[in-house]
Structures are given as C-alpha cells and as structure tokens.
Amino acid sequence: MEGAKQGLELLSTVLDAAPIPEPFKSAVKGIPDIALQILTIVEAVKGNVEDAEALAVYIANVTKTTMRPFETKPPSSLDRSPAMKTRIEEFQGVLVEIKQEMENLTSRRLRDRVFSYSKDASKLAAMKKKVDDAINLIQLETAVATSHEVDLMSQAQQRNNEEHLLMFQRQGIQQQLIMNQLQLIMSQHPYMTIMNQQLNLLLTKTSTLEIENLINRLGPGDSGALKKPPCLAGTRESVLDRIARWIEGPADSSSHCFWLVGAAGTGKSSVAASVARREKKSRRLGAGFYFTRDEQERNRRAMMVVARQLANWGDRRLRAEIASAIREEPDMTQMTPEEQFQNLIQTPLETLESTSSVLIIILDALDECDDQYATLLLRLVGKGLARLPAQVKIFITSRGEPHLQQFYTSEPMRSHVEIHSLGEEKRELVDKDINAYFRERLPELVGKWVANASEWPGEERLRVLVLLAQGLFIWATTVGGILGDVNFRDPEKQLESILSMDRKTHLDDIYAKVLERACPATVDNGVLVLFQNVLGALLVVQAPVNIYTLASLLSSAAGDYQAFAERIRATVLIYLQAVLVVPGVEISGPTPDAQPIRFIHTSFVDYLTDSTRCSYRFVVDLPKHHKRLAIGCLERMRELKRNMCNLDPSLLNSEVSDLAERIRGNMSPGLQYACVHMAMHVSQVPAASVNVHDLLGEFARERMIYWLEGLSLMGKAPDAVGMTAMIEAWLKLNHPSPTILSSRPPSSTLVGDPDPRHTDAEPKAMRKRDRLRRMFSASSPKAKANPSPPSATVPTEIEDVTATLLYDVRRFVMEFMEPITASSLHVYSSALPFAPSETMVSRFYSHLMNGSLR
C-alpha cells in the first residue's frame, strides 16, 4: 500500500508540471488524486477487507500505467481530441463512484462485513470491471490518436523524400563519374592500387568477423580425438598402411567410409588417434570426435562439434556455408538431429570443389554412444554418403555390436564402406606389436626400482607376458600399470605374481588381480563397503565427476567434503591407477579444480557388471548404487535456496555477465550434478524405498521451486518437464504405502478436494490470493484459453501429495517455460503469481511470490 501511495503522489507531481494544455490538464490531473483518496480510505480502516485493499492497489497500479503517456507532452492530436477528454472524464467518474463504494464498504462493522462477504466480493468484481472498461476505452482512444499522428508524420516524410529523390539521382550520376575517374587514377598509380587492396581487406575482415561470431555459436570444437594415446612407433603398421591406402586411393563413391571393427582392448582408439595425428599434419583432418560412454550428453553434441571443426578446416566456402546455416537458425539447440546433420554437415560438404584435397572425418568408439543416437547418426550418414563429394572420407571405429553391424553389412552403407576387423589380423603381427609396447614402456615404468631397467624383465619373461596378453593391448597396458604402481614399488614381486597365472588366462584374471591387490580379503568391512560404493558410483554417474563431487554425492553429511574425499583418495583410488585415470591422485590436500575420474577402458566396466565374471566382493549391483546416488542427490539439494547466486531480479540470465562465475561460487559441483541427474537415478531405483520416498516428499514440498531456479541458472529449465514426468512414473510403480507423507500443511488440499473453509490458522497471503484468483479468473482470457486440467486426470490422494506436486510443477513449467528459461528469478515474479490457486504448487509455494497481485 505504501509503495502504491508514493507512486501516485509522484505521478500527481509529474502531471502537475507536465506541458498539457487546459482544460485537458485538469481532467488528467484528477485521476491520480482520486485513486490516492481510495488508497487512503482503505488504509484508514482497521481490520480492513483484504479484497478491498487489493483492488485499491490494483487501481493505483493501472492508474500509473494509463497516465504514463501524459507525463510528457502527449501527441498534439490528443490535445485536440474531444473523445479523449470524454474518456478521461468517464474514468474519473468511475473512480469517484468506487471511492464512494469503498467508503460505504469499509465503514461497516467487522461482523456485518463477515456476513456480507459473498455480496462484497461481487461488488468488488463489478468495480474492477468498470475500471477495466474505462481503461480499455482510454487505451483505444490513445492508439487511434497516436496512429493519426504517425500518419501525418509519414505523409510529411514522403513529401520530403520526393523532394530529395531528384537530387539523389543527380548525385548518383556524379558519383559514378567520380568512381570511373578514381579507377583510372588507381590503374596509373601503384600506391592507389595498394590503398584499394587495403579497403577490400577491411571489408573482408568485417565479413570474417560476422562469420566468426556465427561459428562460435556452435560451442567448443575440441572432441578429445587427438588426446587419446596413439600407437607406438613401429606398431600396428599393417592396419595403418591399409588405412593410408584407402585415404590415398581413388576418390569414388565406393570408398567414402572405412570402418575399423574390433573387440574391447584390441587398440581401435589408438589406431584412430594415430590416423588423426597423421592426417592433421597433412591438413586433411576435417573433424574428429571420440565418443565416450560416461558422457552421453556430450555425445549428443557430436554433429555440432564436427560442424565447428569443419568450419575451421581451412576451406572458406565450406566455412561460409556453415555460417549461413547458423544465420538461418541461430539457436542450434532448436534444430532436430536431422536438421543439424543436413544443414551443418551434409549441405556444406556438398559445396566442396572437386579439386579440393581429401577431407577426413573420424568417428571413434561409436559403440560407446547410446544405441538410439548412434542408430540415428548412422542412418543419417548412410543416407548422405552417396551425395557427398568423392574426396570426403569418413573413418569409423567400434566394437562389432549387433545394432552397428546391421548398418555396415546392409544397404545403403555396404556399397560405400570398406570394413577391416582387427580380430582377423595375423596373431604374430599383433604379438610383435605388444612385444614392442613392453620394450618401450616397461623401462619408463619400473626404472625407479629396478637396476638395468632397459634389459628388464629379460627375453623369456617378456615372451611369456606377450603370450598371456592373447592379442589384447588393454591387457598389456593394464599389466604395465600394475608393474609401475608407485604404491607397491616392487615390480619384481608383481611380475612373478602375473607370470604364475595360467597360460590360458584372460583379461578378467588381470582385472581380478588389480581388485584383490587394491582391496585384499583382510581389510575390514568398512573399507570394503567404501570400495564398493566408490566403484558403483563411478559406474552409474550420468556425467564424469571429480573426487570432490564424488565425495559430496556419497557423503551423508553436508558441508566440507575435503576429509571424505581424502579418505576416498587414500583408501581406494590410489590403488586403482592400473584401471582408472585419477588426475592428481598422489597429491593430498584440496584441489577444487580436479579433473574427472575415468575408467581407462570400457572392458573393465563390462567386467564389474557381470556377475559370471567378477567376484561377488566387487561385482556392481547397478540399481543399488543408483539408489545410493538418488539419496545423495536429494540430500545435496537441501542446499537449494532462493536467489542462491545473489542476482539482480531485474536482469535476465543472459544479461548477467559473470553468471558462470556466480554459479561456480554458489552452487557446488555436487549440487549442480544433483539438480540435473537426480531424476535419472530415482527412476532406476528398483523397488519401493522409504528413504527415497521420504526425501522426494521433502524435496517436493520444500525445494522444488528452488530447483527450477537452479535449472534455469544452468540453462536446463526445459529438462524439468521430462524429469518430473520420470519421477512421477516411478512413484506410480513403486509406492510403499497409501500415503508417503506423514503430514502436510493444514492449508493444503489435493486437486479435486472441495474448497476448504478459510480459518484464522491459514496464512493470510493464501486466503487473499485464493479470493483474488476467484475474483479475477472470470475476466482472464488466459484462464479461458488454458483451463486447468480436470482433477480426474491427476494423481488422487491415495497416490499422495508428492505425485500431485510433481504433476503440477510439470504443467507449471510447460505453461511458463519462457519466463523461467529467460530468468531464474522470474519463477517467483512472472510464473508463481499466475499459477491457479487450487494447484498444489500454488498452495505450497505462494509465500515465495514477489508481492504480486493474485
């Protein structure tokens, strides 16, 4: 009320000084004065009616908005408009009438007002309608007058343009004569030619800058393809020579694609890395993308990454074509995968000149991409191969998975693909390469602890190691990791243990040895449980995590996770360096920017999840660890709060220049992970879990709106629709009892319940909002166009408050997607105030509104 009064007083002062002619000025000036009197009347009454108070504030707000054009000199047509003066006087009359009604309504005793509540509500609604009608007429008259003014200005401008047209034509003839003379002078004076070249260069730079800005919208172009270790010099020469012959071979449609197929651990990625390095030196590597199983979200950006690299390849026309596609659709995320492939890759590549050099695109470890996206990508590539220029060649590596085999063994790809299987290579060639690997790497790995490391371990023991590898490079590299492990510092003892294995040993045996050595049977049960939890979490995380994020998700306590992270490092990770990449694992102490932990090879992941291969002590039960991380995520989300990044509510997310830094400073990596991936972990919990249900209920009642704020900050707000649906579906399948929540706020009712009696125990804000919602809903066009869903379509009371809240929030996000996505704080100011009062999201979170009228 106080803010509305101050606004009206200021408006009255401004209008008093505005250059508006009389008697028009008196009519305009009277409007805010009467609105101010209405506010004063309502404010003066103790125990005033809340609806009357809200209507008074509403009148004050619309008065300020309607009168804003008159704060400065209005269009002259308004000064001369009798109709406008009439509308202003009518609005003044409506306000005088409402002022009288307010005096009558608020002067009655409290007892009379209680018994006349329904009649008063109708009167207030009628008053509001009168205000709206008067304002609509004023706005219409203003629009007509302004349009008339614009027409007059347009006619004057047109006459002015006609007067100048002949002059421009005469000047154009003169300019052409001058240009002809300049060209003649430049042809006779070399220094003038240089100036012309510099001018053209400046224009080219301007165009180049625009293209650069467009290309930057694709995001980073580093796919990690060149970061994988290549083959050692002198190894894999046979397959590398065959790939080189394919690249150098005739440029025809039958040689568009080379597909390298091999089992886990046969060195496919090393071959791909070697090809990438060689072709980069020859400037033929157009793009390279390395798929990885633990980064599916990044995998789904493959086409944008490839497009970015193609744009940087060096062909100006190709780069311009890609930029043109981005100009047509600036938001790449709005393109379907088919559109991304067609517009960013296929069509630009078709513009390559036949005389340009060979262009290689590498897609490594395609089997690690989720089946659905890999299938889509191959379908698009297969359809487009025949249309690509002959010099465009695609190199793919993968395991021989059935869903991939069906593509390279059937049309349309079969006639364009050359297939090479690493399993068909001669065994003696592979053994020779593994022998070379051991000779190269072992002296480096064991040199600190073995004398004459260059001759260690001797020819006979080296021969046995090669036989035990059975053609698997991953076996050789894992053994190298064991022998060079700084935690044991006894390569001789470790080697004897390995050589004592059965000659028919398999990769599983070496993995078993790594695990038994890291967590022997003599350790106490607490260490074993921690060991199992760490490996299980690393297998089920939906995005790579570092040691501190891992600690925060596994810890049951909030706060500083440094001590727990140190325990994980010293107890588990430091002993698993033969199978895990753990950056800085030897360094104790806080390293907040630590890089993610990764499995060295996916064959170890396969081993850990197969109970027929892995020991019962270490085999990972995936649903069990999804449940653990679901609980960890829900506990981390207790850190959520309103405006957690301390943003200015008036700014959009895109207008906060340091938003990324604010997110890093106020949302821990564990909290960010939890906001994005909690729903996936919950959906994988196999059966009813009291812990998960209780935490979900607490999250739904107390923090779900804060969660939307967090998702908006991270640019993930649209994902809330799918995540809430995922959790809701899980709740329907895994409900432990008729009601999950042991209690709920006394003011809450499920959708479909009869309206509760308003009691004094109810929050004042909720009573006010519900009554205002009923009062305004009849005249709200949006309410008519988008009615709330019938109660029969949402979960019933038996299905509990949590499911109903999830349903409401899903509809809430779909309805208010634009403001929530644009600004994290608009969830409170531009969305919550318009949520129907009968919905659970409104009942639980209405107290968070920014004082908006409901």
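Between the side chain of Ser324 and the backbone N or O of Ala320 there is no donor-acceptor pair closer than 3.5 Å. Proximity of a side-chain donor or acceptor of Glu655 to a complementary backbone N or O of Leu652 within less than 3.5 Å is detected. Under the 3.5 Å distance criterion, the side-chain polar atoms of Asp719 are left unmatched by any main-chain donor or acceptor of Val676. A donor-acceptor pair under 3.5 Å is formed between the side chain of Gln672 and the backbone N or O of Met667. Formation of a donor-acceptor pair under 3.5 Å by the Gln542 side chain with backbone atoms of His677 is not found in this model. Judged by distance alone, the side chain of Ser270 and the main-chain N or O of Pro229 form a donor-acceptor pair under 3.5 Å. Judged by distance alone, with hydrogens and angles left aside, the side-chain atoms of Lys268 form a donor-acceptor pair with the main-chain N or O of Gly262 at under 3.5 Å. Using modelled atom types, one side-chain atom of Gln346 and one backbone atom of Gly384 make a donor-acceptor pair closer than 3.5 Å. Judged by distance alone, with hydrogens and angles left aside, the side-chain atoms of Glu339 form a donor-acceptor pair with the main-chain N or O of Thr336 at under 3.5 Å. Checked by atom type and distance alone, the side chain of Gln391 never pairs as donor or acceptor with a backbone atom of Val358 at under 3.5 Å.
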Given side chain to side chain donor-acceptor pair (under 3.5 Å), test Asn546 with Thr549 step by step and report yes or no. CA-CA 5 Å; Asn546 63 29; Thr549 304; 3.2 Å; yes
side-chain contact (heavy atoms from CB on, under 4.5 Å) between Phe291 and Ser398, worked out: CA-CA 10 Å; Phe291 293 91; Ser398 75; over 6 Å; no
For Leu404 and Asp371: C-alpha separation, side-chain torsions, deciding distance, then whether side-chain contact (heavy atoms from CB on, under 4.5 Å) applies. CA-CA 9 Å; Leu404 300 179; Asp371 294 354; over 6 Å; no
Under the side-chain contact (heavy atoms from CB on, under 4.5 Å) criterion, do His420 and Phe258 qualify, and how do the steps go? CA-CA 8 Å; His420 181 85; Phe258 189 105; 3.5 Å; yes
Starting from the C-alpha separation in whole Å, work towards a yes-or-no answer on side chain to side chain donor-acceptor pair (under 3.5 Å) for Asn216 and Arg308. CA-CA 8 Å; Asn216 285 339; Arg308 175 64 183 261; 3.1 Å; yes
List the steps, then state whether side chain to side chain donor-acceptor pair (under 3.5 Å) holds for Asn299 with Gln296. CA-CA 5 Å; Asn299 290 346; Gln296 295 302 331; 3.1 Å; yes
Step-by-step side-chain contact (heavy atoms from CB on, under 4.5 Å) determination, Ser712 to Asn653: CA-CA 8 Å; Ser712 175; Asn653 292 346; 3.0 Å; yes
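Here the CD1 atom belonging to Ile322 is positioned 7.0 Å from the CG atom belonging to Leu349, to the nearest 0.5 angstrom. Atoms CD1 and CD1, on Ile360 and Ile362 in that order, are 7.5 Å from each other to the nearest 0.5 Å. Atom-to-atom distance recorded for Leu507:CG and Thr478:OG1 is 6.0 Å, nearest 0.5 angstrom. Here the CG-OG1 distance, from Leu429 to Thr235, works out to 11.5 Å after rounding to the nearest 0.5 Å. Taking CD1 from Ile434 and CG from Leu465, the interatomic distance works out to 10.5 Å, rounded to the nearest 0.5 Å. Remark: Ile326 CD1 to Leu214 CG distance equals 6.0 Å, nearest 0.5 Å.
Between Arg300 and Asp370, at least one side-chain nitrogen of the basic residue sits less than 4.0 Å from a carboxylate oxygen of the acidic one, meeting the salt-bridge criterion. We find that Arg664 and Glu661 are joined by a salt bridge, their nearest charged nitrogen and carboxylate oxygen being less than 4.0 Å apart. Salt-bridge annotation for Glu212 and Arg319: present, with a side-chain N of the basic residue lying under 4.0 Å from a carboxylate O of the acidic one. Ion pairing between a basic and an acidic side chain is recognised when a charged N comes within 4.0 Å of a carboxylate O; Glu459 and Arg439 show such pairing. Ion pair Glu248/Arg284 flagged as a salt bridge, since at least one NZ, NE, NH1 or NH2 atom sits closer than 4.0 Å to an Asp/Glu carboxylate oxygen. Between Asp431 and Arg427, at least one side-chain N (NZ, or NE/NH1/NH2) sits under 4.0 Å from a carboxylate O, which counts as a salt bridge. Between Glu418 and Arg242 a salt bridge is recorded (basic side-chain N to carboxylate O distance below 4.0 Å). Of the charged side-chain nitrogens involved, none lies within less than 4.0 Å of a carboxylate oxygen, so that Arg316 and Glu321 do not count as a salt-bridged pair. A salt bridge links Glu295 with Arg598: the distance from a Lys NZ or Arg NE/NH1/NH2 to an Asp or Glu carboxylate oxygen falls below 4.0 Å.
Thr397 has its side chain out of reach of Val271: every pair of non-hydrogen atoms, C-beta onward, lies at least 4.5 Å apart. In this structure, the side chains of Leu378 and Leu366 come closer than 4.5 Å at one or more pairs of heavy atoms. For the pair Leu344/Leu218, a side-chain contact is recorded, criterion being any heavy-atom separation below 4.5 Å from C-beta on. Leu240 is listed as a side-chain neighbour of Ser274, based on a closest heavy-atom distance under 4.5 Å. For the pair Val579 and Phe599, the minimum side-chain heavy-atom distance is 4.5 Å or more. For the pair Arg387 and Val392, the minimum side-chain heavy-atom distance is 4.5 Å or more. Within the 4.5 Å cutoff, the side chain of Leu539 has heavy atoms near those of the Thr609 side chain. Between Ile600 and Val581, the closest side-chain pair of non-hydrogen atoms falls below 4.5 Å.
Using modelled atom types, one finds no donor on one side chain facing an acceptor on the other under 3.5 Å when comparing Thr477 with Arg441. Side chains of Ser282 and Glu279: a donor-acceptor N/O pair is present below 3.5 angstrom, by distance only.
Across every non-hydrogen atom of Tyr673 and Ala543, the tightest pair is CE1-N, 3.9 Å. Among all heavy-atom pairs drawn from Ala717 and Thr821, the shortest one is CB-OG1, 3.9 Å. Heavy atoms only, all atoms of each residue included: His256 and Trp246 are closest at O-CZ2, 3.7 Å. Between Leu232 and Ala436, the shortest heavy-atom distance links the atoms CD1-O, 4.2 Å. Across all non-hydrogen atoms, the minimal contact from Asp364 to Ser269 is OD2-OG, 3.0 Å. Pairing each heavy atom of Phe473 with each of Val430, the nearest pair is CE1-CG1, 4.0 Å.
Around the CE atom of Met817, the shell of radius 6.0 Å holds more than 12 heavy atoms that belong to other residues, nucleotides or ligands. Counting heavy atoms of neighbouring residues, nucleotides and ligands inside a 6.0 Å radius, atom CD of Glu297 does not exceed 12 of them.
A cation-pi contact links Arg298 to Phe289, judged by a cut-off of 6.0 Å to the six-membered ring centre and 45° from its axis.
Tyr607 and Phe604 have parallel rings, their planes meeting at less than 30° on a 0 to 90° scale where 60° marks the start of perpendicular.
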